[in-house]
*Asks:* 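My questions all concern the structure below.
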Protein chains: 2
Amino acid sequence: MMKATIYDVAKAAGVSIATVSLVINGKGKISEERRNEIKQIMMQMGYKPSMIASALTGKKTYALGLLVPDISNPFFAEIARAVEDEGQRHGYSVFICSTDNKDEKVERYAELLQQKNVDGVIIGTGLKDLSVLDPLLKANIPVTLLARELPSVEVPSVVVDDYKGGSAAAEHLIMLGHRNLAVLAEQDSISSSRERVRGFRATAEQAGLPLDPAFVLSTSIKEAKAKASELFQSGNRPTAIFCCNDLLAIGALQAAKELGVRIPEECSIVGFDDTVLASVTDPPLTTIAQPIEQLGQTALQLLVRQIGKPGESPERVVLPPSLTIRKSTAMRASI
Amino acid sequence: MMKATIYDVAKAAGVSIATVSLVINGKGKISEERRNEIKQIMMQMGYKPSMIASALTGKKTYALGLLVPDISNPFFAEIARAVEDEGQRHGYSVFICSTDNKDEKVERYAELLQQKNVDGVIIGTGLKDLSVLDPLLKANIPVTLLARELPSVEVPSVVVDDYKGGSAAAEHLIMLGHRNLAVLAEQDSISSSRERVRGFRATAEQAGLPLDPAFVLSTSIKEAKAKASELFQSGNRPTAIFCCNDLLAIGALQAAKELGVRIPEECSIVGFDDTVLASVTDPPLTTIAQPIEQLGQTALQLLVRQIGKPGESPERVVLPPSLTIRKSTAMRASI
DNA sequence: CTGAAAGCGCTTACAG
DNA sequence: CTGAAAGCGCTTACAG
């Protein structure tokens with residue numbers, strides 16, 4: 001059985017396809033009678049207009065792209081859920097695009113999304129090179145940034161105040177008496193990570209605790225454990241480590257367990273994100289919480305607004321992070 | 001600047017759009033010269049064919065739907081990643097659809113995906129009612145089942161052997177000397193959960209340990225902790241609990257911590273799935289591992305095959321689960 | 001080897 | 001209040 005088209009409905013209703021189109025879109029002036037009659041017929045036939053046909057005619061595709069480093073990373077999975085839900089609320093569906101923070105993948109997805117005529121894309125992935133977004137920008141596809149900064153690109157964005165988050169982590173640790181601080185950061189290309197480190201460092205310095213460059217390590221999630229091991233085995237072992245995301249912190253936790261370093265007694269660890277992971281680790285992670293749901297929702301809303309009126313000057317919303325204290329931090333042991 | 005269309009390319013190349021279309025699709029007999037010349041021009045103009053236009057012309061949309069209960073659940077997030085990657089390999093993009101296991105949402109997504117003309121959909125969500133898939137089936141959209149059984153529907157499927165998984169959990173616990181077993185299951189409507197319980201129960205009974213009905217509790221993830229508390233506070237407290245997924249197990253772990261029940265000394269806990277969560281809990285979770293990546297990959301492959309030749313009789317592949325022993329299980333304490 | 005033409009399923013002015 | 005017609009950007013026979 002072929003799917004019914006607008007022609008079938010029109011024929012069954014004894015009207016033109018234009019009229020049917022009008023009732024589908026609730027436009028034009030059509031008598032209530034006719035309108036209801038046609039709706040009835042559509043129901044009976046199980047007719048649903050093809051979105052791809054209507055998209056071709058200049059309307060929107062109601063599809064969005066969501067670029068994230070990795071959908072299987074709980075942080076982004078939670079973001080995705082928020083984006084999906086808010087998207088549904090506005091009539092949009094979302095394509096997942098995991099980029100592994102690789103420019104080539106970003107580029108491939110950018111082209112793909114453009115070919116698919118998506119109405120917009122949320123960029124939650126790192127970008128070394130702005131030019132990877134060219135396909136999107138050229139095609140006039142609205143873009144909004146989620147938890148990323150892009151210098152010199154005028155687009156809406158939601159971020160959490162990463163600087164403040166890093167700062168809050170430092171304050172917490174300093175308050176607990178720690179003097180010998182280390183940082184496990186993401187790759188340098190990730191601006192959010194840089195900001196977190198910057199905030200952490202500034203606050204540490206204000207307290208008279210300049211960071212030892214050897215104790216500020218950039219790493220990937222895979223290598224986090226190894227880098228943390230280095231830290232634990234270094235001569236002047238730090239008594240506290242600030243990790244720029246929970247996954248990194250988990251790597252540190254694992255390294256500690258392997259080396260028999262007791263957390264938090266011998267070393268405090270602070271994460272960042274507060275995904276589901278943070279509450280289930282051993283010990284549960286003290287971490288800087290991002291308002292994940294709000295991030296996703298806001299990104300979607302900004303994008304939709306942008307789709308609605310492309311002219312608008314891009315909005316930038318900054319959400320506050322918050323410190324969630326669990327069991328991975330404690331007073332520095334008196335030596 | 002408007003996006004270039006096939007007409008622009010044709011004009012620039014001084015040929016008809018038919019010819020351009022032919023070179024796009026690598027079809028027809030066109031002289032190498034012309035072909036390369038036209039390709040050149042397409043490159044220069046940054047021309048990329050619109051997938052929605054080509055989809056309208058009867059070709060595929062190269063879009064797929066992935067129905068899962070919740071993309072923010074790490075198990076499904078990991079599945080999604082595998083599906084996405086394998087999809088890319090075959091040229092497909094995927095829409096995320098979180099259903100919360102609610103029929104209404106499944107139905108809404110089924111309709112939506114049909115309207116979007118997706119080439120196929122992977123169903124990894126629970127379905128109380130088969131009729132929710134009607135929109136898809138009627139529209140002749142291929143469907144494949146991932147980790148779900150659907151009686152009386154003839155479609156390809158990948159599952160892990162849930163029965164065997166439940167059985168393996170029971171064996172492990174019995175081997176450790178446990179006699180007083182409890183089960184935390186998902187809602188009854190989830191067939192995979194039912195199978196796991198069935199396998200667990202059968203193996204327990206074979207060992208002469210029939211399950212106390214009061215100790216086999218169906219619950220949601222939200223209520224897992226509360227249900228586990230009941231278990232821990234019941235008169236004849238179980239010494240081991242089999243949880244039908246890791247999230248449920250985490251609920252049990254949390255309940256135990258709250259009540260001061262030491263795991264695994266006072267009670268062993270076995271999970272199911274082996275997502276990233278299992279390795280970070282306190283204590284790390286002994287769990288029945290699903291081959292998650294393989295599940296996602298296989299589902300995608302089966303779907304693509306189905307899209308290729310709709311006639312084929314549906315394949316059913318069964319993947320083996322495996323026991324991953326961590327620290328949440330131990331010998332029963334001698335009383 | 002290549003072009004003219006019809007058609008995919010819609011929407012949108014434009015008439016009436 | 002409703003219909004005829006053009007057009008969205010492609011693909012696919014069909015000619016030549």
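In the text below, chain A, chain B and the rest are named by the order of the sequence lines, each starting its count at 1.
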*Asks:* Measure NZ/B/Lys11 against P/C/dT2 and give the value in whole Å, please.
*Replies:* 20 Å
*Asks:* Side chain of B/Ser21 only, please: which of D/dC10, C/dG9, D/dT11 is the nearest?
*Replies:*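 My answer, after comparing the listed nucleotides, is D/dT11.
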*Asks:* Kindly check if the number of other-residue, nucleotide or ligand heavy atoms within 6.0 Å of CD (B/Gln88) is above 12?
*Replies:*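 Enclosed: over 12 neighbouring heavy atoms sit under 6.0 Å from CD of B/Gln88.
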*Asks:* For the side chain of B/Thr5, counting heavy atoms from C-beta on, which of C/dT11, D/dC10, C/dG3 is nearest?
*Replies:* D/dC10
*Asks:* Between A/Tyr47 and A/Ile41, does the side-chain contact (heavy atoms from CB on, under 4.5 Å) criterion hold? Intermediate values first, please.
*Replies:* CA-CA 8 Å; A/Tyr47 169 75; A/Ile41 294 177; over 6 Å; no
*Asks:* My understanding is that only residues two or more places apart in sequence, or in another chain, count here; which of them pass side chain to side chain contact (heavy atoms under 4.5 Å, CB included) with B/Leu22?
*Replies:*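 Counting only residues at least two positions away or on another chain, B/Leu22 forms a side chain to side chain contact (heavy atoms under 4.5 Å, CB included) with B/Lys27, B/Ile30.
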*Asks:* Can B/Val158 and B/Gln301 be said to form a side-chain contact (heavy atoms from CB on, under 4.5 Å), step by step?
*Replies:* CA-CA 10 Å; B/Val158 221; B/Gln301 288 163 0; over 6 Å; no
*Asks:* How many whole angstroms separate atom CD1 of A/Ile24 from atom C1' of C/dC10?
*Replies:* 8 Å
*Asks:* Represent DNA chain D in dot-bracket notation, 5' to 3'. Only Watson-Crick or G-U wobble pairs with both distances under 3.5 Å count; pseudoknot-style crossings use [ ] and interstrand partners use |.
*Replies:* |||.||||||||.|||
*Asks:* Is a donor-acceptor pair below 3.5 Å formed from side chain B/Tyr7 to base D/dC10, judging by atom type as modelled?
*Replies:* yes
*Asks:* Kindly point out which of C/dT12, D/dC10, C/dT11 is positioned nearest to the side chain of B/Ile17?
*Replies:*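 Nearest nucleotide to the side chain: D/dC10.
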*Asks:* Among residues at least two apart in sequence or on other chains, which ones pass side chain to side chain donor-acceptor pair (under 3.5 Å) with A/Thr298?
*Replies:*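 Checked A/Thr298 against side chain to side chain donor-acceptor pair (under 3.5 Å); zero matches.
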*Asks:* Please give, in whole Å, the distance from D/dC8 P to A/Asn117 CG?
*Replies:* 14 Å
*Asks:* Starting at atom NZ of A/Lys116, determine the distance to atom P of D/dC8, rounded to an integer number of angstrom.
*Replies:* 22 Å
*Asks:* From CD1 of B/Ile6 over to C1' of D/dG7, roughly how many Å is that when rounded to an integer?
*Replies:*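 My rounded result for the distance is 16 Å.
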*Asks:* Could you list by number each residue of residues 45-54 of chain B showing a heavy-atom separation from DNA chain D of less than 4.0 Å, or answer none if no residue does?
*Replies:* B/Tyr47, B/Pro49, B/Ser50, B/Ala53, B/Ser54
*Asks:* I'd like to know if B/Lys48 and A/Glu111 make a salt bridge, using a cut-off of under 4.0 Å between side-chain N and carboxylate O.
*Replies:*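 Yes, B/Lys48 and A/Glu111 are salt-bridged.
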*Asks:* Where the side chain of B/Leu56 is concerned, which of D/dG3, C/dT11, C/dC8 is the nearest nucleotide?
*Replies:* C/dC8
*Asks:* If you look only at pairs with a residue in residues 64-99 of chain A, which of them pass as a ring pair (Phe, Tyr, Trp, His ring centres under 6.0 Å), with sequence neighbours excluded?
*Replies:*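 The answer is A/Tyr62-A/Tyr92, A/Phe95-B/Phe95.
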*Asks:* Can you tell me how far P of C/dC1 sits from CD1 of B/Ile38, to the nearest Å?
*Replies:*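 So the two atoms are 13 Å apart, to the nearest Å.
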*Asks:* Below 4.0 angstrom from OP1 or OP2 of D/dT12, is there any side-chain N or O of B/Lys27?
*Replies:* yes
*Asks:* Output yes when B/Lys105 and B/Asp100 qualify as a salt bridge under the 4.0 Å nitrogen-oxygen rule, no when they do not.
*Replies:* yes
*Asks:* Of the nucleotides D/dG3, D/dT11, C/dG3, which has the atom closest to the A/Val15 side chain?
*Replies:*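 So the side chain of A/Val15 is nearest to D/dG3.
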*Asks:* Does this structure show an ion pair linking A/Glu78 with A/Arg81, if we count only N-O contacts that are shorter than 4.0 Å?
*Replies:* no
*Asks:* What residue pairs, at least two apart or across chains, pass ring pair (Phe, Tyr, Trp, His ring centres under 6.0 Å) with a residue in residues 105-130 of chain A?
*Replies:* none
*Asks:* Nearest-nucleotide wise, let me know which of B/Thr57 and A/Leu22 is further upstream toward the 5' end of DNA chain D.
*Replies:* A/Leu22
*Asks:* Can you measure B/Asp8 atom CG to D/dC8 atom P for me and round it to whole angstrom units?
*Replies:* 11 Å
*Asks:* What is the distance from OH of B/Tyr62 to P of D/dC10, rounded to the nearest Å?
*Replies:*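 Rounded to the whole Å, the gap is 16 Å.
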